Amino acid sequence: MLDIRLIRENPDLIKQRLANRSGDFAPIVDEVLAIDITRRTAETERQKLQSDRNRISKEIGIAKKNGQDTSAIETEVRGIGSRIDEIGFEADAADVRQRDLLLGIPNLPHDACPVGHSAEENPEIRVWGTKPCYDFQPKDHTVLGQALGMIDFEAGAKITGSAFVVYRGTGARLERALINFLLDLHTTQHGYTEISPPLLVKPECLVGTGQLPKFGDQVYHCPEDDLYLIPTAEVPVTNLHREEILKAEQLPVQYAAYTPCFRREAGSAGLGTRGLIRMHQFDKVELVKITTPETSMAELESLTANAEKVLQLLGLHYRIIELCTGDIGFGSAKTYDIEVWAPGQGTYLEVSSCSTFGDYQARRMNLRFKDAEGKNRFCHTLNGSGTALARLFVALVETYQQADGSILIPEALRSHFGAEKIG
RNA sequence: GGUGAGGUGGCUGAGUGGUCGAAAGCACAUGUUUGCUAAAUAUGCGUAGCCUUAACAGCUACCGAGGGUUCGAAUCCCUCCCUCACCGCCA
């Protein structure tokens with residue numbers, strides 16, 4: 001959520017910076033400005049009337065104590081009360097409307113975010129490793145995995161539906177080994193505290209991180225309890241500190257959480273995403289940081305480096321893409337995507353998206369810290385996958401496939417997996 | 001799910017209709033004093049909104065949440081949430 005004061009004082013600057021995103025938000029900004037005036041006018045009037053009523057009510061109390069008749073003055077105050085109700089209704093309605101509008105405005109792209117219109121303009125920042133060469137035609141993970149009995153799409157479709165998968169045998173074991181490998185790496189080497197959160201959250205948590213109200217069609221909802229299945233651990237973990245005022249010395253907060261993620265992927269059907277690449281449910285280890293405004297940009301670099309370390313240790317070729325203003329997420333101020341090479345696909349797969357949200361999420365969830373001067377300020381929040389499991393699974397299986405269809409397990413993963421190869 | 005007891009400021013804890021944003025204590029901050037640690041003493045010490053300002057100040061709201069009664073609610077009524085205890089059920 002953007003600061004209404006900033007919008008009020010620099011409307012043109014705000015519009016200009018939002019114009020670099022995809023979508024036209026100038027009309028919403030104008031509506032916010034108009035409703036802001038309505039709201040404040042009504043609020044001021046209400047407060048004046050409340051002040052009058054408070055003063056007169058006190059006088060009534062004193063008069064009654066002295067045994068005086070107060071019926072006339074009580075009638076007068078009753079009139080003030082009904083006016084307060086009327087103007088208050090107006091003020092509250094404007095307040096709700098203003099907040100709704102503000103929740104629909106995306107974050108301002110950071111100055112360091114490259115300007116561009118679409119994904120084609122995302123600059124490549126760096127590349128690690130090289131594409132592996134094979135003296136045979138590398139196979140797709142669905143072919144390899146199904147031949148080895150690791151993954152079963154038919155079973156997933158049978159018990160739940162399409163885009164759900166059953167891992168079995170060595171497939172399930174590989175998934176579990178990867179989860180443990182990732183959590184161990186981030187908690188013991190990178191200083192993150194492990195979190196295992198609920199997978200169902202209240203709507204206000206999704207508002208806090210930005211999925212609601214605008215992207216409600218992408219999350220699974222349990223209407224009887226008004227709870228949502230998390231689309232990413234970012235939601236429960238960042239919201240751990242919602243409505244809190246942290247002490248400056250607590251920062252940065254660093255959490256690593258493994259959770260399944262649930263996404264409806266509405267509108268994504270038939271987009272040529274075969275196999276494990278786009279599922280309604282997938283595992284992910286998420287990294288979340290809560291920082292001061294001064295350190296967030298440096299923390300984004302270290303967060304990204306922490307995620308990259310995963311691929312380096314597993315020996316998987318990848319590249320870092322920086323998202324341009326036309327392609328960054330709704331709440332993001334600056335984002336790096338990590339894309340791993342999948343030989344069977346002949347393409348790079350996004351396995352991590354590392355973003356700083358500035359104070360955008362913190363405002364939505366009222367997450368603050370007390371600075372050295374004792375002032376309460378909004379924190380900055382960051383998160384990135386460290387990493388998504390299903391696509392990591394794909395890259396691993398496809399990269400380490402052998403001519404005979406077996407899969408070699410990279411050195412770093414062997415102690416977690418408990419074997420050197422599959423098949 | 002049932003019954004009972006509770007939810008007040010960072011913490012403890014008063015307050016059952018009237019100048020209560022809320023006593024007191026602790027913690028914290030600052031000053032003073034006894035040449036240090038410590039003690040004593042004074043002052044300050046919640047969050048947000050509105051209106052203003054060079055700054056201060058002022059006003060309004062907030063005592064789990066939301067409604068209601070009233071001229072006036074932390075205090076009375078209703079609904080809900082949470083915590084604790086016991087019972088039932090259960091991985």
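In what follows, every chain begins at residue 1, and chains take the letters A, B, ... in the order their sequences are listed. Predicted model only: the values in this text are computed from it and were never measured.
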Distance-only criterion, 3.5 Å: show the donor-acceptor pairs between side-chain atoms of residues 152-159 of chain A and protein atoms not counting sequence neighbours.
from: A/Asp152; atom 1: OD1; to: A/Glu154; atom 2: N; distance (Å): 3.2
from: A/Asp152; atom 1: OD1; to: A/Ala155; atom 2: N; distance (Å): 2.9
from: A/Asp152; atom 1: OD2; to: A/Arg168; atom 2: NH2; distance (Å): 3.4

Distance-only donor-acceptor hits, side chain of residues 25-40 of chain A, under 3.5 Å, sequence neighbours excluded:
from: A/Asp30; atom 1: OD1; to: A/Lys15; atom 2: NZ; distance (Å): 2.7
from: A/Glu31; atom 1: OE1; to: A/Arg97; atom 2: NH2; distance (Å): 3.4
from: A/Glu31; atom 1: OE2; to: A/Arg97; atom 2: NE; distance (Å): 3.2
from: A/Glu31; atom 1: OE2; to: A/Arg97; atom 2: NH2; distance (Å): 2.6
from: A/Asp36; atom 1: OD1; to: A/Arg8; atom 2: NH2; distance (Å): 3.4
from: A/Asp36; atom 1: OD1; to: A/Arg39; atom 2: NH1; distance (Å): 2.6
from: A/Asp36; atom 1: OD1; to: A/Gln98; atom 2: NE2; distance (Å): 3.0
from: A/Asp36; atom 1: OD2; to: A/Arg8; atom 2: NE; distance (Å): 2.6
from: A/Asp36; atom 1: OD2; to: A/Arg8; atom 2: NH2; distance (Å): 3.4
from: A/Asp36; atom 1: OD2; to: A/Arg40; atom 2: NE; distance (Å): 3.4
from: A/Thr38; atom 1: OG1; to: A/Ala34; atom 2: O; distance (Å): 3.3
from: A/Arg39; atom 1: NH1; to: A/Gln98; atom 2: OE1; distance (Å): 2.9

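By the side chain to side chain contact (heavy atoms under 4.5 Å, CB included) test, A/Thr44 pairs with no residue at all, sequence neighbours left out. Scanning for side chain to side chain donor-acceptor pair (under 3.5 Å) contacts around A/Thr142 gives A/Asp140, A/Arg274, with sequence neighbours left out. Residues that satisfy the side chain to side chain donor-acceptor pair (under 3.5 Å) test with A/Thr188, not counting sequence neighbours, are absent from this structure. Partners of A/Ala298 according to the side chain to side chain contact (heavy atoms under 4.5 Å, CB included) rule, which considers only residues two or more places apart in sequence or in another chain, do not exist here. Contacts of A/Arg364 classified as side chain to side chain donor-acceptor pair (under 3.5 Å), with partners at least two apart in sequence or in another chain: A/Tyr360. With sequence neighbours excluded, the residues that form a side chain to side chain donor-acceptor pair (under 3.5 Å) with A/Asn306 are A/Tyr192.
Atom-to-atom, CD of A/Gln50 to C1' of B/A61 comes out at 7 Å; the value is rounded to the nearest Å. Atom-to-atom, CG of A/Asp36 to C1' of B/C50 comes out at 11 Å; the value is rounded to the nearest Å. What separates CD1 of A/Ile87 from C1' of B/U60 is a distance of 14 Å, to the nearest Å. Taking atom CG on A/Asp52 and atom C1' on B/G58, their separation rounds to 14 Å, with Å as the unit. We find that CD1 of A/Ile62 is positioned 10 Å from P of B/C20, with the value rounded to whole Å. For the pair A/Leu49 CG and B/G49 P, the computed distance is 21 Å after rounding to whole Å. Distance A/Glu45 CD to B/C59 P: 18 Å, rounded to the nearest Å. Regarding A/Lys375, its NZ atom lies at a distance of 16 Å from the C1' atom of B/G46, rounded to whole Å.
Both A/Ile245 and A/Thr44 lie close to RNA chain B; mapped to their nearest nucleotides by heavy-atom distance, the more 5′-ward contact belongs to A/Ile245. Two residues, A/Arg39 and A/Ser51, neighbour RNA chain B, and the one matched to the more 5' nucleotide by heavy-atom proximity is A/Arg39.
Ring geometry, A/Phe215 versus A/Phe330: the interplanar angle exceeds 60°, so the pair is classed perpendicular (tilted spans 30 to 60°).
With distances taken from any side-chain atom of A/Gln47 to the nucleotides B/U47, B/C51, B/C59, the minimum falls on B/C59.
Applying the 4.0 Å criterion to OP1 and OP2 of B/G49, one finds that A/Arg46 has every side-chain N and O outside that range.
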Protein-nucleotides 74-77 of chain B N/O pairs under 3.5 Å:
none

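A gap of 12 Å separates the P atoms of B/A24 and B/A42, to the nearest Å. Between B/G10 and B/U33, the distance separating the two P atoms is 34 Å to the nearest Å. Atom C1' of B/U41 sits at a distance of 31 Å from the matching atom of B/U47, rounded to the whole Å. Here the separation of B/A14 from B/C26, taken at their C1' atoms, is 15 Å to the nearest Å. Look at the P atom in both B/U83 and B/U8: the space between them is 14 Å, to the nearest Å. Remark: the separation of the P atoms in B/G64 and B/G9 is 8 Å, to the nearest Å. For the C1' atoms, the distance linking B/A39 with B/G17 amounts to 45 Å, nearest Å. Spacing of P atoms, B/A27 relative to B/A38, comes out at 12 Å, to the nearest Å.
Screening residues 383-392 of chain A for side-chain hydrogen bond (donor to acceptor under 3.5 Å, both in side chains), with sequence neighbours left out, gives A/Glu234-A/Asn383.
Taking each heavy atom of A/Lys284 and A/Cys261 in turn, the nearest pair found is CE-SG, 3.6 Å.
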Nucleotide-resolved protein contact map, nucleotides 67-73 of chain B, B/S/- at heavy-atom distance under 4.0 Å: ----BS-
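Within the 4.0 angstrom heavy-atom criterion, no nucleotide atom of any strand lies near A/Arg83. Residue contacts for A/Lys202: at a heavy-atom cut-off of 4.0 Å it reaches no nucleic acid atom on any strand shown.
Ion pairing between a basic and an acidic side chain is recognised when a charged N comes within 4.0 Å of a carboxylate O; A/Lys48 and A/Asp52 show such pairing.
Side chains of A/Glu301 and A/Tyr336: a donor on one and an acceptor on the other come within 3.5 Å.
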Output the pairing pattern of RNA chain B as a dot-bracket string, 5' first, Watson-Crick or G-U wobble with both distances under 3.5 Å, | for cross-strand pairs, [ ] for crossing pairs. ((((((((.[[[..)..(.....]]].(((((.(...).))))).(((((.......))))).[[[[[..)....]]]]])))))))....
